[in-house]
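Some notes on the structure that comes next.
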Amino acid sequence: MTFALRSPAFADGERIPPRYSRDGENLSPPLQWQDAPAGVKSFALVVEDPDAPSGTFRHWAVYDIDPQRDILAEGTTAGAKTESVGHGINDFGNPHYDGPQPPLGHGLHHYHFKLLALDVETLHLDRKAPVDEVMKRAQPHILEQAELVGTFERN
């Protein structure tokens with residue numbers, strides 16, 4: 001089997017429901033994965049929009065996810081922090097999920113949910129590390145990557 005990332009909220013290549021956008025409830029969508037590679041010691045998840053007018057825009061990073069997990073529930077970063085996972089600072093300046101909010105009339109944007117299976121238990125990042133730093137620190141430790149792409153457009 002292949003390491004795979006899915007969401008019960010939207011299929012790969014399909015539209016992300018409005019409730020997961022900044023114009024909606026701004027909840028992180030539920031995510032599930034399967035068939036992680038042998039030797040995984042933690043996971044990291046990054047969400048990026050490469051279609052942003054100013055270049056790739058980073059919406060979310062969660063890292064130091066326990067290797068026994070295979071799900072992130074809807075609204076994982078909403079409310080009180082109940083887990084010891086790290087949260088990168090997104091390009092909105094927030095340490096939590098911020099959903100799609102492309103400029104009005106800018107066309108269809110693609111949101112890449114990238115789940116990284118890592119060979120280290122922790123990335124040893126500062127609490128205020130930006131999402132791009134999470135990716136840089138994770139890069140040399142990636143065993144395998146699973147990706148789910150959702151789309152969103154504001155008219």
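In this text, all values refer to a predicted model and were calculated from it rather than measured experimentally. We number each residue from 1, following the sequence as shown.
- We find the CG-NZ distance between L125 and K136 to be 11.5 Å, quoted to the nearest 0.5 Å.
- The nearest pair of heavy atoms linking V134 to G88 is CG2-CA, 4.2 Å.
- For residues 16-53, every residue pair satisfying the ring-ring contact (aromatic ring centres under 6.0 Å, His included) rule, not counting sequence neighbours, is listed here: W33-F43.
- The CZ atom of R6 sits 9.0 Å away from atom CG of D12, with the distance rounded to the nearest 0.5 Å.
- Between the OH atom in Y111 and the CZ atom in F10 there is a gap of 11.5 Å [rounded to 0.5 Å].
- When every heavy atom of H106 is checked against every heavy atom of H109, the shortest pair comes out as ND1-NE2, 2.7 Å.
- Of the listed residues (D51, T151, D49), just one forms a side chain to side chain donor-acceptor pair (under 3.5 Å) with H110, and that residue is D51.
- How far CG of L143 is from CZ of F3: 9.0 Å, rounded to the nearest 0.5 Å.
- Within the 3.5 Å criterion, the main-chain N or O of Q101 finds no donor-acceptor partner in the side chain of S21.
- When the side chains of ILVMFWY residues are joined at heavy-atom separations under 4.5 Å, either directly or via intervening members, I142 and V85 end up in two distinct hydrophobic clusters.
- Looking at E133 and I89, their side chains never come closer than 4.5 Å, going by heavy atoms from C-beta outward.
- Once rounded to the nearest 0.5 Å, the distance linking CG of L115 with CD of Q32 reads 12.0 Å.
- For the pair D23 (side chain) and P18 (backbone), a donor-acceptor distance under 3.5 Å is absent.
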Taking it one step at a time, do S42 and D64 satisfy side chain to side chain donor-acceptor pair (under 3.5 Å)?
-> CA-CA 6 Å; S42 72; D64 295 350; 4.9 Å; no
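- For K41 and E121, the salt-bridge test fails: no basic side-chain N is under 4.0 Å from an acidic carboxylate O.
- R137 places a side-chain N or O within 3.5 Å of a backbone atom of H124 that can act as its donor or acceptor partner.
- Checked options F92, F152, Y97; the residue passing with H59 is F92 (criterion: ring-ring contact (aromatic ring centres under 6.0 Å, His included)).
- With hydrophobic clusters built from ILVMFWY side chains whose heavy atoms lie under 4.5 angstrom apart, L45 does not share a cluster with L116.
- Put simply, CD on Q139 and CD on Q145 are 8.0 Å apart, with the number rounded to the nearest 0.5 Å.
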